[in-house]
Trainee: 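So that we are looking at the same thing, I have put the structure below in structure tokens.
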Amino acid sequence: MTIPPLAPLDPPARLLMGPGPISAYPSVLRAMSAPLVGQYDPFMTAAMAETQALYRQVWATSNDATLLIDGTSRAGIEAAMVSLIRPGDRVLVPVFGRFGHLLAEIAERALADVHTIEAEWGRVFPVSAIEEAIVRVKPHLLALVQGDTSTTMNQPLDEVGALCAKHGVLFYTDATASLGGNEFAADAWGVDAATAGLQKCLGGPSGSAPLTLSDRAVAVIRSRKRIEAGIREAGDESAPDFIRSNYFDLGMVLDYWGPRRLNHHTEATSMLYAARECARVMLAEGRAAVIQRHRVAGAAMLAGVEGLGLTVFGDVAHKMNNVVAVEIPDGVPGDAARGALLEDFGIEIGTSFGPLHGRVWRIGTMGYNARKDTVVTTLAALESVLRRYGASLPAGGGVEAALDVFAGADAALGSAG
């Protein structure tokens, strides 16, 4: 049998306006095409050090232990949790969406004694509820999602770190969906460990997970240190309760990124380039400016879907800047309408999970796509598709409402200048 030659890869043009992944910054894609070098080439180790320095600014931290985990955002979550949790440790997970359930799942697989509290989807936790649970459970670790894209909610974290320090609890947060588009202050908020991904507000592809660790978290990880036999040197300690994952052993990963340059794995070079460029783009524009751009684009999309007469899901006061969930109008087949948006306009929006599956669409304004043209194009296309399926909508209501928000932001910026 003769196998015909395959054509070169040629993905269709898409405008990714869902909850992630999103369309990457063009310069990030260009960075990924740069030539490979050896993992200990001076250029490579310099790029690693530069990337660490850049992400300290992205996270708003002075943590020396700031680096990348090779893998999707879930790899970063698992690395943090399996390295910080000893079997039998009590872990408290406040759950307000799908990804709180994920943190509980990973903690359980790390053999933790997992305790959860739950909020209704579309709501967040008051700090008093978190403190009550901490006092009752007495956990070793609090694992809390900041922005959960399944519900679009943004859990306030500014008081949580001090609360954890007061009760002697480590504080880990998953900022996959929120970092870069919403305020995050690792040091000011007392965060001990945080992880993210590139594929949302940071404007890159999935496949690299930025991570930062406080000195307190590093001390826990170092106390569980074991280096694998093939690269172990005289004097290396081997803790009896060593971290049970090899790939996600942050003790060895820290030594790989540190002066020792331990040969733990081969860094994903093209993803390092991408992660470096994501951070460089953000800091070149200005961290505060990028967060404000997400705030304005998100407000415009919110106003636009409301201008079309659509109902917004959840507590809007605690919505992330970068994604909105809208109720699918009665009589409109949700999956078919999403398919038409993709097929006819090349625009992707998201469905949701669990109790929200088939009930809401999730529309993102993230990274490179947090722009006026992408917002109004999506709203115009959505109006067209909804009309085709019989929805009665105010003509142009979405686009006009969004443009008003952008005009107001421009006017405020002009007066401030």
Side-chain angles (χ1 to χ4, degrees), residues 16 18-24 28 55 58-61 66-84 93-107 121 124 142-157 160 171-186 189 191-213 248 250 268 271 274-275 278-279 282 290-291 294 298 318-325 350 352-354 362 364-370:
L16 302 182
I22 47 72
S23 308
V28 172
Y55 276 94
V58 171
W59 287 114
T61 185
T66 300
L67 43 85
L68 305 175
I69 300 298
D70 290 344
T72 64
S73 51
R74 188 174 300 212
I77 296 169
E78 189 150 347
M81 297 189 74
V82 76
S83 295
L84 291 170
V93 184
V95 177
F96 60 100
R98 175 198 167 182
F99 294 101
H101 286 299
L102 174 63
L103 298 191
E105 160 88 7
I106 292 173
W121 285 34
V124 297
L142 174 73
L144 180 60
V145 175
Q146 183 187 29
D148 195 312
T149 48
S150 68
T151 67
T152 76
M153 294 297 104
N154 189 26
Q155 172 67 47
L157 301 181
V160 176
F171 175 29
Y172 161 70
T173 186
D174 166 22
T176 297
S178 49
L179 184 67
N182 304 267
E183 188 55 54
F184 194 98
W189 294 351
V191 175
D192 288 303
T195 62
L198 304 184
Q199 74 275 15
K200 298 185 187 282
C201 300
L202 292 175
S206 180
S208 183
L211 172 148
T212 191
L213 301 166
F248 294 135
L250 286 181
M271 286 308 305
C278 286
M282 181 183 184
V290 172
I291 293 171
H294 280 82
H318 288 107
K319 186 187 76 65
M320 284 188 285
N321 291 331
N322 50 295
V323 62
V324 62
S352 194
F353 312 101
R362 295 176 299 152
T365 47
M366 306 189 201
Y368 183 56
N369 289 345

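None of these values were measured; they are calculated from a predicted model. Keep in mind that the numbers below use all heavy atoms, side chains included, and drop hydrogens, waters and symmetry copies.
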Trainee: Check R362 against F353 and note the closest heavy-atom contact, atom names and distance.
Mentor: NH2-CE1, 3.5 Å
Trainee: For G298, does its backbone N or O pair with a side-chain atom of N321 as donor and acceptor, under 3.5 Å?
Mentor: no
Trainee: Find the distance between CG (L102) and CD (E78) and round it off to the nearest 0.5 Å.
Mentor: 9.0 Å
Trainee: Do you know which two heavy atoms are closest between S73 and G197, and how far apart they sit?
Mentor: CB-CA, 3.9 Å
Trainee: Would you confirm whether N322, through its side chain, and A177, through its main-chain N or O, come within 3.5 Å as a donor-acceptor pair?
Mentor: yes
Trainee: Measuring from I69:CD1 to S83:OG, what's the distance to the nearest 0.5 Å?
Mentor: 7.5 Å
Trainee: Would you give the length of the straight line joining atom OG of S352 to atom CZ of R98, rounded to the nearest 0.5 angstrom?
Mentor: 9.0 Å
Trainee: Would a 4.5 Å heavy-atom cut-off, applied to side chains only, mark V124 and N154 as touching?
Mentor: no
Trainee: Walk me through it: do T152 and V324 pass the test side-chain contact (heavy atoms from CB on, under 4.5 Å)?
Mentor: CA-CA 6 Å; T152 76; V324 62; 5.7 Å; no
Trainee: Please round to the nearest 0.5 Å and tell me the distance separating atom CG of L157 and atom CZ of F184.
Mentor: 6.5 Å
Trainee: Would a 4.5 Å heavy-atom cut-off, applied to side chains only, mark M271 and D70 as touching?
Mentor: no
Trainee: Looking at Y172 and I77, what are the two nearest heavy atoms and their distance?
Mentor: OH-CG1, 3.3 Å
Trainee: Enter the distance from R74:CZ to T176:OG1 here, rounded to the nearest 0.5 Å.
Mentor: 9.5 Å
Trainee: Run the numbers on L202 and V58 for side-chain contact (heavy atoms from CB on, under 4.5 Å), then give the verdict.
Mentor: CA-CA 10 Å; L202 292 175; V58 171; 4.3 Å; yes
Trainee: Run the numbers on M81 and F248 for side-chain contact (heavy atoms from CB on, under 4.5 Å), then give the verdict.
Mentor: CA-CA 9 Å; M81 297 189 74; F248 294 135; over 6 Å; no
Trainee: Regarding T61 and Y55, do their side chains bring together a donor and an acceptor under 3.5 Å, going by distance alone?
Mentor: no
Trainee: Heavy atoms, side chains only, cut-off 4.5 Å: are Q146 and L179 in contact?
Mentor: no
Trainee: Looking at every non-hydrogen atom in both residues, tell me the closest pair between G367 and H294 and how far apart they are.
Mentor: N-NE2, 2.8 Å
Trainee: Okay, side chain of K200, backbone of I22: is any donor-acceptor separation there less than 3.5 Å?
Mentor: no
Trainee: I'd like to check M366 versus L16 (side-chain heavy atoms, cut-off strictly below 4.5 Å). Are they in contact?
Mentor: no
Trainee: Give me the atom names and distance for the closest heavy-atom approach of T173 to V145.
Mentor: OG1-C, 4.0 Å
Trainee: Run the numbers on V160 and V191 for side-chain contact (heavy atoms from CB on, under 4.5 Å), then give the verdict.
Mentor: CA-CA 8 Å; V160 176; V191 175; over 6 Å; no
Trainee: Between V28 and P205, what is the shortest heavy-atom contact and its length?
Mentor: CG1-CD, 3.9 Å
Trainee: Is there side-chain contact between D148 and M153, with heavy atoms separated by less than 4.5 Å?
Mentor: no
Trainee: Just verifying a value: how many Å separate L198 CG and S206 OG, rounded to the nearest 0.5 Å?
Mentor: 7.5 Å
